[in-house]
Number of protein chains: 2
Amino acid sequence: MSNEPLLDRTQLGAYFALVEVAGLLRHAVDQQLRDVGDLSYVQFQLLARLGESSAGTQRMTDLADGVVYSRSGLTYQVSLLEKAGLLTRGASPEDERVVTVAITEDGRERLAAVLPGHAAIVRDLLFGPLSHDDARTLERLLEPVRDHMRSAPPRSAASRRPKGGRERP
Amino acid sequence: MSNEPLLDRTQLGAYFALVEVAGLLRHAVDQQLRDVGDLSYVQFQLLARLGESSAGTQRMTDLADGVVYSRSGLTYQVSLLEKAGLLTRGASPEDERVVTVAITEDGRERLAAVLPGHAAIVRDLLFGPLSHDDARTLERLLEPVRDHMRSAPPRSAASRRPKGGRERP
DNA sequence: TATTGTTATACTCTATAACTATA
DNA sequence: TATAGTTATAGAGTATAACAATA
């Protein structure tokens, strides 16, 4: 074994900063979503995804895509949101295995109620110390990383895609 | 209310990329720590902090600093690590209220067992698509953000510092 | 046989509040 | 009175595996 560290100082610094920034940001946003909208971050993400989609509907599988957890976790969260009246589940005409999820009017309102505060926190906390050029740079750096991570299956859990991870076809 | 969005496209893109990158990275690292070292990420962080400190010891309060959770959560995690023999708790001679936590030899070994794989994942997943200059830029952008977040108390939880959050003195 | 989704279950983690003790 | 830490307890979230139904 060599003595060379796998990460140099710069990389370590960037890594720790990234983890801490994301953690603190997530925590702050979590709190706001909980206080204002009685939503967890995951629930917010699901609603936001539905809200963005043109028809306001998506299949369960597509909904899970990118949101990192198990199928059962998705069922659990969607059940909660359905109970709260923020979305509905319905059968799909074409493929009877598929469940189509649709955001409700209440869901849209909840989303609208929560968005401004959410955006304000992100603007103040994350972009407060950054220029607009910095934001552009951050985006330019992180998007390739995200794409790379999406396509890289975790070494240990190689078997049957635990998350939205794409496998080579 | 104005119609101006609080975040522009670039900021939104950077924000989402940051959240997803951190989430996927965290997930991958979590898995590795669990598989190789039977440690959660938080437990790893605690051990790593102790390992870095010169004497291998720290007060509970200092240990919590920066790691985002409640006091009781820290007690819980430290108890687990103590049960596993990876650290010890002892009284402090000066201030009898203080508990001093020290990493054990087993703790150091566990850390050493886990670090190379950990670093490898970070190097491949996070820095794979980035040049060294990119890493430097990332660090330069994120460190001020981290400092800013550390000093910014979350609007809603203003009261008695729920985490390692600094309050103005 | 593979895919979509649900259920049951067990476990981990986190947070709140009440508590003890020292300063 | 304020600080350091623990405990009890309750709740939310997650993962695994077994399952049913459809393709």
Side-chain angles (χ1 to χ4, degrees), chain A residues 23 26-27 30-31 33-35 38-46 58-65 67-84 87-101 154 156-157 159-165 167 169, chain B residues 23 26-27 30-31 33-35 38-46 58-65 67-84 87-101 154 156-157 159-165 167 169:
Chain A
R26 167 69 178 260
H27 202 266
D30 246 41
Q31 200 112 306
L33 290 172
R34 195 74 71 180
D35 291 347
D38 195 32
L39 292 173
S40 71
Y41 190 73
V42 168
Q43 289 162 0
F44 166 75
Q45 282 183 302
L46 294 177
Q58 277 193 269
R59 306 162 63 213
M60 287 286 281
T61 297
D62 298 340
L63 243 194
D65 204 57
V67 182
V68 183
Y69 47 52
S70 55
R71 274 155 181 275
S72 65
L74 179 61
T75 297
Y76 171 70
Q77 293 293 350
V78 166
S79 301
L80 290 183
L81 289 171
E82 189 181 32
K83 240 177 271 174
L87 55 75
T88 58
R89 275 190 283 200
S92 170
E94 305 147 358
D95 188 334
E96 301 243 343
R97 294 172 304 181
V98 164
V99 168
T100 298
V101 179
S156 38
S159 49
R160 55 187 114 113
R161 60 168 187 157
K163 337 170 203 331
E167 314 230 38
Chain B
R26 167 69 178 260
H27 203 265
D30 247 40
Q31 201 114 305
L33 290 172
R34 193 76 70 182
D35 291 348
D38 195 31
L39 292 173
S40 71
Y41 189 74
V42 168
Q43 290 163 358
F44 165 75
Q45 281 183 302
L46 294 176
Q58 276 192 271
R59 306 162 64 212
M60 287 287 280
T61 298
D62 298 340
L63 243 195
D65 204 56
V67 182
V68 183
Y69 46 53
S70 56
R71 274 155 181 275
S72 65
L74 179 61
T75 296
Y76 171 71
Q77 293 293 350
V78 166
S79 302
L80 291 183
L81 289 171
E82 190 181 32
K83 239 176 274 175
L87 54 76
T88 57
R89 276 189 282 199
S92 171
E94 304 147 358
D95 188 333
E96 301 243 343
R97 293 171 304 182
V98 165
V99 168
T100 299
V101 179
S156 37
S159 48
R160 56 187 113 112
R161 60 169 186 157
K163 338 168 204 327
E167 314 231 29

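The analysis underlying the following values was restricted to heavy atoms, covering all of them including side chains, and did not include hydrogens, waters or symmetry mates. Because the structure is a prediction, the values reported are computed rather than measured.
Remark: C1' of D/dA12 and CG of A/Leu33 are 15 Å apart, rounded to the nearest angstrom. Spacing between atom CZ of B/Arg89 and atom C1' of D/dT7 amounts to 12 Å, rounded to whole angstrom units. As rounded to whole Å, 11 Å separates atom C1' of C/dC13 from atom CZ of B/Arg26. We find that CD of A/Gln43 is positioned 14 Å from C1' of D/dT14, with the value rounded to whole Å. We find that CD of B/Glu94 is positioned 19 Å from P of D/dT3, with the value rounded to whole Å. Rounded to an integer number of Å, the gap from B/Leu74 CG to D/dT7 C1' is 14 Å. Atoms CZ (A/Arg71) and C1' (C/dT9) sit 19 Å apart, rounded to a whole Å. Rounded to whole Å, atom C1' of D/dT6 lies 12 Å from atom CD of B/Glu82.
For B/Arg59 and B/Tyr76, each mapped to the nucleotide of DNA chain D holding its nearest heavy atom, the one lying further toward the 5' end belongs to B/Arg59. Residue order along DNA chain D, read from the 5' end via each residue's closest nucleotide, puts B/Thr75 first among A/Gln77 and B/Thr75.
Here A/Glu96 pairs with nothing under the salt bridge (charged side-chain N to carboxylate O under 4.0 Å, His left out) rule; sequence neighbours left out. For B/Gln77, the side chain to side chain donor-acceptor pair (under 3.5 Å) partners two or more places apart in sequence, or in a different chain, are B/Gln43. Remark: A/Arg59 pairs with no residue by the side chain to side chain donor-acceptor pair (under 3.5 Å) rule, at least two apart or across chains. Legend: residues meeting salt bridge (charged side-chain N to carboxylate O under 4.0 Å, His left out) with A/Arg34, ordered by chain and number and at least two apart, are absent. In this structure A/Ser72 satisfies the side chain to side chain donor-acceptor pair (under 3.5 Å) test together with A/Ser70, sequence neighbours excluded.
The listed nucleotides are C/dT12, D/dA4, C/dG5; the one nearest the side chain of B/Arg34 is C/dT12. When distances are taken from the side chain of B/Ser70 to each of C/dA15, C/dT6, C/dC13, the shortest belongs to C/dA15.
Taking all atoms of both residues into account, the shortest heavy-atom contact from B/Ala91 to B/Thr100 is O-OG1, 4.4 Å.
A/Ser40 has no side-chain polar atom (N or O) that falls below the 4.0 Å cut-off from OP1 or OP2 of D/dA12.
Put simply, the side chain of B/Val101 does not reach to within 4.5 Å of the side chain of B/Glu82, judged on heavy atoms.
For a distance-only test at 3.5 Å, the side chain of A/Ser72 qualifies as a donor-acceptor partner of the base of D/dT16.
At the heavy-atom level, B/Ser79 lies nowhere under 4.0 Å from the strands shown.
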Just the atom pairs and distances: protein N or O near nucleotides 18-21 of chain D's N or O, under 3.5 Å.
none

